[in-house]
There are 2 protein chains.
Amino acid sequence: MQEPSPTSRSSFLFLVKPHLKEAKDLLQDSFRRRDFVIISGNCRCHYHGRASSSLGWGERATIVKGDGSVQVHRPVGYEPVNWQPPRCMLSVSLEDSLLCIRAQRPKPRETLEIAYDDLMFVTSCKPVDRADFVLYVSEEQMRDALVSRPSMLEDGLEVIDFERKVDPGFIDFYGKDAQGRVVVVELKRKSAGKDAVLQLKRYVDAVNETVGVAVRGIVAAPGLRSGAQGTLAALGLEYKKLTPRACAQLLQKRKIKKISEFFEQS
Amino acid sequence: MQEPSPTSRSSFLFLVKPHLKEAKDLLQDSFRRRDFVIISGNCRCHYHGRASSSLGWGERATIVKGDGSVQVHRPVGYEPVNWQPPRCMLSVSLEDSLLCIRAQRPKPRETLEIAYDDLMFVTSCKPVDRADFVLYVSEEQMRDALVSRPSMLEDGLEVIDFERKVDPGFIDFYGKDAQGRVVVVELKRKSAGKDAVLQLKRYVDAVNETVGVAVRGIVAAPGLRSGAQGTLAALGLEYKKLTPRACAQLLQKRKIKKISEFFEQS
DNA sequence: GAGTGGATTTCGCAT
DNA sequence: ATGCGAAGTCCACTC
């Protein structure tokens, strides 16, 4: 990710106000090449499959991607009015002075027909895009979420402190469970590895020396790398799945962005 | 719907391989005019809001609609990789030789930043589209669905016959319920009105004269127009909601397209 | 405005 | 292949 922008750009074709025949020839080639195609003009649509729908004449933009997905976009509305998921059979033809585009899917059986009688433009290209998409929340956000609602990890869990200083470092979340046992939570934004488990163990040991009650250690992360599984069990520690998305969603609902706000509210 | 195609076409602007400055000026005007804009080129994206995400450099197409919705499409994948729902604040600027497009939404607070360093093309227009979108299944499809799974209307309901001839006409669905009572169903593709209720009453009366058990009458439709409500109650008839989508979904799952197939399977 | 349920949901991961 | 659950779900409808 964040790799430098390539210096060479992929080529593209574009037709402005083309005749239907001209567009049909381009689209046939483009569909065969699995190009990324955008068609803008006046069209009507018919869909038959999981349901049926019809859409009268109007000016819309159609996107056909190399994976065989299709979407027809009206001037307003986030979602496409008609669409077809990937892996479609694409065909184009001229029928009764209409440029007819068909996208068929075998399973489930469904068909989308888009008929243009007038075109603003048609573009065709093969975009180069090898970047990784990364969706995340910060470890701080995860901690905020957990502090604002400890029950998302376990019923009856309550917060005592967070970022609590102990000898080996800082404990992300420090609380007590429904049975009154102390709970030490190590948060990880990505899948937790053996290093996270060992770090948690050090915290648990440190807490064990200072408190007189039982101490539980929990790794809370979106996943647990295979190597960490055995270590976790051997050290008597636990793992609880905690996804960035769940945390982000909670923070959104609660409208809590910072820990300070939590303490003001509670 | 299906209204004749208008003879005059709305105008559009088309920039091919524009300089960033040139594109910025166009986009500022387009955003102010609430145009329908498509931008194609090399970009990177950052999103912060309900979650956070980053997407490195790659060639993608961005659609900005007049309602303030934004979507960034990669070469493959039905869904946009980044997006913003309608009612966004849009802004465009030149920063560090990048064309930066910002789409901000106040509630929930979230921001999408799209930075282009190279453009294939930019188009801007104001499409005219006043057509109605109609999603439907035929009454025949609804009947097929109900026959293939009467329980979608009520547990224990069984089919005896369909399109059954009685004196006033044809009964859509004829069956018996869990208590052995005869059930007469009148299907409607759209919201049922008083006419549908009265028609059902005639069927129920006709059946009442020929059978010795209690007869129930049910209007099954996606909705019930307000006027029909009172008539329904006065005549001792019932209404059950039955949506075209539920029927279409069932037909799809069961892979039953025609009644004949049902009898072959049963 | 918040809450609820549906969608031609789509999509990914588990079985 | 199939089924189940999550999603920055979106969206329409109800309270």
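Residue numbers start from 1 in every chain, and the chains themselves are labelled A, B, ... in the order their sequence lines are given, proteins ahead of strands.
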Between [M] and [N] - [atom1] atom distance, rounded Å:
N	M	atom1	value
C:dC11	C:dA7	C1'	14 Å
D:dG5	D:dT9	C1'	13 Å
C:dG6	C:dT10	C1'	14 Å

Checklist outcome for this item: Between B:Pro86 and B:Val81, the residue closer to the 5' end of DNA chain D by nearest nucleotide is B:Val81

Checklist outcome for this item: Between A:Thr243 and B:Arg87, the residue closer to the 5' end of DNA chain D by nearest nucleotide is A:Thr243

Without decimals, in angstroms, what is the distance between [X] [atom1] and [N] [atom2]?
X	N	atom1	atom2	value
B:Trp83	D:dT9	CH2	P	8 Å
B:Glu110	D:dC10	CD	P	7 Å
B:Asp67	D:dC11	CG	P	9 Å
B:Gln71	D:dA7	CD	C1'	16 Å
B:Asn82	D:dA7	CG	P	16 Å
A:Arg105	C:dT9	CZ	P	10 Å
B:Gln84	D:dG8	CD	C1'	9 Å
B:His46	D:dG8	NE2	C1'	16 Å

Using the side-chain heavy atoms of [X], tell me which of these nucleotides is nearest: [options].
X	options	result
A:Tyr78	C:dC11, D:dC10, C:dT8	D:dC10
A:Leu135	C:dT8, C:dT10, D:dG8	D:dG8
B:Lys107	C:dA2, C:dT10, D:dC11	C:dA2
B:Pro85	C:dT8, D:dG8, C:dC11	D:dG8
A:Glu79	D:dC10, D:dG8, C:dT8	D:dC10

Item to check | Below 4.0 Å: OP1/OP2 of C:dT10 and any side-chain N or O of A:Arg50 | outcome: yes

Checklist entry - Hey, is B:Glu79 close enough to B:Arg74 for a salt bridge, meaning N to O under 4.0 Å? => result no

Item to check | Check ion pair A:Arg143-A:Asp172 (N to O, under 4.0 angstrom) | outcome: no

Checklist entry - Looking at side-chain heavy atoms only, is the closest gap between B:Gln84 and B:Gln71 below 4.5 Å? => result no

Item to check | Between B:Glu110 and B:Tyr47, a side-chain donor and acceptor under 3.5 Å | outcome: yes

Next on the checklist: Considering every strand and a 4.0 Å limit on heavy-atom distances, what is the contact class for A:Phe133: base, sugar-phosphate, or nothing?
Outcome noted: nothing

Checklist entry - At their closest point, which heavy atom of A:Met142 faces which heavy atom of A:Leu187, and how far apart are they? => result C-CD1, 4.1 Å

